[in-house]
S.K.: 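The structure's right below; bear with me while I get my questions together.
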2 protein chains.
Amino acid sequence: MIELKDVHRTYGEGHAAVHALRGVSLSVPPGQFVAVMGPSGSGKSTLLHLLGALDWPTRGEVVLDGKNVARMDDNALTRLRRERIGFIFQFFNLLPTLNAVENVCLPALLGGKSLASVETRARQLLGRVGLGDRAHHRPSQLSGGEQQRVAIARALVTDPPILLADEPTGNLDSRSGAEVLTLLRQACDERKVAIVMVTHDAGAARRADRRVDIKDGLILNDQSQVPE
Amino acid sequence: MIELKDVHRTYGEGHAAVHALRGVSLSVPPGQFVAVMGPSGSGKSTLLHLLGALDWPTRGEVVLDGKNVARMDDNALTRLRRERIGFIFQFFNLLPTLNAVENVCLPALLGGKSLASVETRARQLLGRVGLGDRAHHRPSQLSGGEQQRVAIARALVTDPPILLADEPTGNLDSRSGAEVLTLLRQACDERKVAIVMVTHDAGAARRADRRVDIKDGLILNDQSQVPE
Ligand SMILES: Nc1ncnc2c1ncn2[C@@H]1O[C@H](COP(=O)(O)OP(=O)(O)OP(=O)(O)O)[C@@H](O)[C@H]1O
Ligand SMILES: Nc1ncnc2c1ncn2[C@@H]1O[C@H](COP(=O)(O)OP(=O)(O)OP(=O)(O)O)[C@@H](O)[C@H]1O
Ligand SMILES: [Mg+2]
Ligand SMILES: [Mg+2]
């Protein structure tokens, strides 16, 4: 379902070049929950952005739903991202002028749905991440972890078959974090969503079906595990 | 050295009012390292902003260096913040147009020092947080955890007697996080810095001399401990 084939990503040129990924291959089928761990700066966010077609490899291929991303035109790529992928960013990328409910509804609205048809689900998801009474707050009126939870609800609103999560519990206490992981686990088990979650939290990683360790732009280790 | 006296902080009004802090008292002497833990949304960042005179209580007093913050004029308050307090923000607040070294130098430059006199120390601090080879990158060219480490180096550059750290290891792997905690522990033990660190990481909290638990805007628990 989602695949990286010997992917390289270099930033800059010459002696200042940073080789963020140096030949990474990864294949994730539907219904599999993968945790990616590794040191700060090792290439995890870069990997996730390539998987989400938000960035392009310097070498190698990215294949989503059987299609080589490099051969798709802008419109097709935009539709693919919108309909098939939910992305939880490391720093959320919420729109500051919209409140929590509006931010959560946004992917569906961009996909052509009406506010009326999606608002109920958006409020439900906010309730599930404990933000029922913060629905009308804008990001600047929310705590760090509350903003993170809005970003999580937003990624789930269109119920996409692929979820890419960049440190989704980084600003959460252990209980809110556990609730988020339960939501992700449910998406995977009940609806066969393919999930790639970057995390620095070993406890969060133990909830996955598979653990990948990355260091200096290379995969060191990739193994199945029994999820906790 | 730093004190909150029955502090309240309410956002908004009427039935939409959020009582972020509902009567918090805390007194931290020089050379004490306090860890503050609590659920997402419980008032921790609010508490830290009040301690740093970046916000004002709705009720109660904030006392820094023996002075009631409410009775200080703007200039005196600005000097106090600049000379006495290092603040590590939950989302860093780096200047996007400056590179890592320039961001780290900024507090000293604003305090009247020349770039030449502070640049050596800035580069040293960046080296200590593992960013020696990222000194010339701007924030958009840094990973999440690298940006966080620039923010940490910046808070230390003027060697202030008070350090306020909002989830300083939230985007760091365990090894980078341990290095940061060592730096903080050193400031406290060797230079009698008073530190208040908000964290969701119980391991980080165990490095402190005292642990405060906050929930729904109130302190539940405040006790000394032997630092790990
Ligand atoms: N400008 C505002 N208007 C209304 N409510 C606000 C505003 N800013 C913060 N809040 C609310 O105040 C409460 C406390 O916020 P605070 O940022 O102190 O939480 P926190 O403990 O730091 O949480 P986290 O662990 O998620 O960072 C939150 O529930 C938040 O929704
Ligand atoms: N635009 C850029 N120009 C140059 N180097 C960059 C750029 N963006 C990222 N980098 C570098 O690429 C490396 C990988 O970055 P990436 O964001 O993928 O790391 P990460 O594993 O997500 O780290 P973290 O855990 O800190 O979030 C980092 O060392 C970073 O400095
Ligand atoms: Mg990252
Ligand atoms: Mg906070």
Side-chain angles (χ1 to χ4, degrees), chain A residues 11-12 15-16 18 20 36-49 89-92 94 129-131 133-137 139-150 166-167 169-180 198-203 205 213-215 217, chain B residues 11-12 15-16 18 20 36-49 89-92 94 129-131 133-137 139-150 152 166-167 169-177 179-180 198-203 205 213-215 217:
Chain A
Y11 296 108
H15 78 97
V18 174
V36 177
M37 293 193 83
S40 169
S42 56
K44 307 178 298 298
S45 294
T46 300
L47 183 156
L48 225 54
H49 279 71
F89 294 91
Q90 191 165 359
F91 299 113
F92 326 146
L94 299 178
V129 293
L131 294 179
D133 56 1
R134 292 286 184 272
H136 297 279
H137 285 228
S140 64
Q141 299 169 322
L142 293 171
S143 78
E146 290 168 344
Q147 293 174 39
Q148 186 157 42
R149 286 179 273 158
V150 173
D166 205 341
E167 301 187 32
T169 64
N171 286 279
L172 302 179
D173 55 279
S174 50
R175 191 171 147 220
S176 317
E179 285 159 14
V180 164
V198 166
T199 185
H200 282 304
D201 180 350
D213 289 307
I214 182 170
K215 186 175 196 230
Chain B
Y11 296 110
H15 78 97
V18 173
V36 177
M37 294 194 83
S40 168
S42 57
K44 306 178 300 298
S45 294
T46 300
L47 183 156
L48 225 54
H49 279 71
F89 294 90
Q90 191 165 358
F91 299 112
F92 326 146
L94 299 178
V129 293
L131 294 179
D133 56 1
R134 293 285 184 272
H136 297 279
H137 285 229
S140 64
Q141 298 168 323
L142 293 170
S143 77
E146 291 169 342
Q147 293 175 40
Q148 186 156 43
R149 285 179 273 158
V150 173
I152 290 159
D166 205 342
E167 301 188 33
T169 63
N171 286 279
L172 302 180
D173 55 280
S174 51
R175 190 169 147 221
S176 316
E179 286 161 12
V180 164
V198 166
T199 185
H200 281 306
D201 180 350
D213 289 306
I214 182 170
K215 187 174 195 229

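A note on names: the letters A, B, ... follow the listed sequences, proteins ahead of strands, and every chain is numbered from 1.
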S.K.: Using non-hydrogen atoms only, which part of Tyr11(A) is less than 4.5 Å away from chain B: side chain, backbone, both, or neither?
M.R.: neither
S.K.: Looking at Gly41(B), Ser176(B), Ala202(B), which one has more heavy-atom pairs under 4.5 Å with chain A than the rest?
M.R.: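 Heavy-atom pairs under 4.5 Å are most numerous for Gly41(B).
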S.K.: Select one option (side chain, backbone, both, neither) describing which atoms of Ser45(B) are under 4.5 Å from chain A's heavy atoms.
M.R.: neither
S.K.: Examine whether an atom of Glu167(A) lies under 4.5 Å from a heavy atom of chain B, and if so say whether it belongs to the side chain, the backbone or both; otherwise answer neither.
M.R.: side chain
S.K.: Heavy-atom distances under 4.5 Å only: say whether Phe89(A) touches chain B with side chain, backbone, both or neither.
M.R.: neither
S.K.: Quick one: of Met37(A), Gln148(A), Gln141(A), Arg149(A), who has the most non-hydrogen atom pairs under 4.5 Å with chain B?
M.R.: Arg149(A)
S.K.: Can you see which heavy atom on Gln90(A) is nearest to which on Asn171(B), and at what distance?
M.R.: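 Gln90(A) and Asn171(B) have their closest heavy atoms at NE2-OD1, 3.1 Å.
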S.K.: Hey, which of Asp201(A), Val18(A), Asp173(A), Thr199(A) has the most heavy atom pairs under 4.5 Å with chain B?
M.R.: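 Looking at each of Asp201(A), Val18(A), Asp173(A), Thr199(A) in turn, Asp173(A) comes out on top.
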S.K.: Could you tell me which non-hydrogen atom of Ser40(B) sits nearest to which non-hydrogen atom of Ser143(A), and how far apart they are?
M.R.: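 Ser40(B) and Ser143(A) have their closest heavy atoms at OG-OG, 3.6 Å.
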S.K.: Hey, which of Ala20(A), Gly170(A), Gly38(A) has the most heavy atom pairs under 4.5 Å with chain B?
M.R.: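 It is Gly170(A).
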S.K.: Given heavy-atom pairs under 4.5 angstrom as the criterion, report whether the side chain, backbone, both or neither of His137(B) touches chain A.
M.R.: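 Side chain only.
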